[in-house]
There are 4 protein chains.
Amino acid sequence: MPRHEGDGQPLSDFSLTPEKLNDSMSTLFTSSVFRCLEVSPTHVLAEQKIDQNGLRPGGFVPGPVQFSLADLVLWYLTSAAINRIEPMALTSDLSIRFLRPGQGEMLYARADLDKAGRLMIVGTVKIWVDDHEDKPISVAQGTYVLPQPA
Amino acid sequence: MPRHEGDGQPLSDFSLTPEKLNDSMSTLFTSSVFRCLEVSPTHVLAEQKIDQNGLRPGGFVPGPVQFSLADLVLWYLTSAAINRIEPMALTSDLSIRFLRPGQGEMLYARADLDKAGRLMIVGTVKIWVDDHEDKPISVAQGTYVLPQPA
Amino acid sequence: MPRHEGDGQPLSDFSLTPEKLNDSMSTLFTSSVFRCLEVSPTHVLAEQKIDQNGLRPGGFVPGPVQFSLADLVLWYLTSAAINRIEPMALTSDLSIRFLRPGQGEMLYARADLDKAGRLMIVGTVKIWVDDHEDKPISVAQGTYVLPQPA
Amino acid sequence: MPRHEGDGQPLSDFSLTPEKLNDSMSTLFTSSVFRCLEVSPTHVLAEQKIDQNGLRPGGFVPGPVQFSLADLVLWYLTSAAINRIEPMALTSDLSIRFLRPGQGEMLYARADLDKAGRLMIVGTVKIWVDDHEDKPISVAQGTYVLPQPA
């Protein structure tokens, strides 16, 4: 279901795996609540166990938790688009829309590649809870900037 | 290729057609450069002939022309989501990302429904030139607000 | 320095204070890292001690931490615009731009009112570190939706 | 009223004027409906006569007309930030929020600089009609990318 495939690495050379992304997170951060499930040159899928002690009144997943996951999958997507883990790729901007309250056990986020350029990676994100992929709780679009030679 | 179908009208009751949308534009505006090609409860596809006299230096489709088309397909999508033409549905906000320069004859835009609520309609848009659907020149997300009873 | 004052409560009736906002946070959440410093009908200022154990490689304030503060000051601003604390006001969407890496002790965010409507509150946010208000590390714009009578 | 002044040219070296910007528009485009009124290293102010034949039903300024002006003042702001006219500076992304319907004779837009980097210029825009600067009809934030040496 990649929305378009004009950019990104040829699949034959693609060497990134969910395990490599998960290992990099463990190395960069002492603990990570995120887990990458799928990665291809043009998409990633990740999950995060919902912290039942950090919910909003009403029992809903807070917006900043969703933003945090959206930001992460776009970083995974950036790694996928350049076929290497790049800790210095930085979010340039991210626009998120909250669609409905979310309640459940697991948060899922899928990012699809819109553009892989020399300078910037642009992607579209959808976030949902448990198996309600058809009822997303938020959507986002964002841009990562790659480190440039000085 | 609708990205998710949790919202929107049941297909059995759906009565909107590209012709009805195109007729409404002709009625609301004396001339319209836009043409709706496809409409379903969860997506629309529209085209616009590129005005070769209104290009940016280099021969590129200006950003505001792309914004204008993105805004329009989200209005079509709003009509589709509520299964009626609603001239008083208004753009609340729209965020657009320009991905690469676009050159060609025809501009295409596809909008997919993210959420149809009582109050707001949210959709994701992709814009491309001629048959380069796999190389979008811009992507956008936006929200329309439906008129509310006083 | 409010950017415009067409909306919001008349100052004479305005009764919200930083203390009331801080108390409401303590009630709604067992612990809060945020502190409101200023509130008027058209602006709020808040601070957050930077958690030195939660920084990005290089020692920088993570984007999601900034988003979280931006989201909060817009909720404060919503309360200010309607002159009462409204726990059910929800973020509809938020667009954030990261401008430069931030390092320091305290994070500050100022939100200015763009529009206070019956339905929605729109505001613009600036975030900086310590006394570097002239070098913001991020800017954002966002919309809160007020709960509507059924 | 620049919101912050950490970036941008020192005022002593600043040589851009509204006349230079208006001349550049006349050269780049055969006709321009825009007029720059003020420019400094950290802000610009521009106006556009509202085309009374291109209004929305109800007599309101269309959203795309506002987007177009927002995009333009950010390009002026980019020129101001680098103190030269740069036709190849391109909009990377722009997020606009429509606040209320606008009716009148003249449209005004002010852009304030958020960040002037080697790569990108970020600014915040406010748009209003006639002398209603305190009742903006839209606000926006956007990013321009400067051409990079190959």
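Every chain is numbered from 1 and lettered A, B, ... according to where its sequence line falls, protein lines coming before strand lines.
- Ion pairing between a basic and an acidic side chain is recognised when a charged N comes within 4.0 Å of a carboxylate O; A/Arg97 and B/Asp93 show such pairing.
- Interatomic distance, CG of B/Asp114 versus CZ of A/Arg100, reported as 9.5 Å (0.5 Å rounding).
- In this structure B/Phe67 satisfies the ring-ring contact (aromatic ring centres under 6.0 Å, His included) test together with D/Phe67, sequence neighbours excluded.
- When heavy atoms are compared at a cutoff of 4.5 Å, B/Thr143 approaches chain A by way of both its backbone and its side chain.
- Residue pairs satisfying the salt bridge (charged side-chain N to carboxylate O under 4.0 Å, His left out) criterion with at least one member in residues 79-89 of chain B, sequence neighbours excluded, are listed as follows: B/Arg84-B/Glu86.
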A/Thr124/B/Gln141 under side-chain contact (heavy atoms from CB on, under 4.5 Å): CA gap, chis, key distance, verdict: CA-CA 9 Å; A/Thr124 297; B/Gln141 286 182 332; 3.8 Å; yes
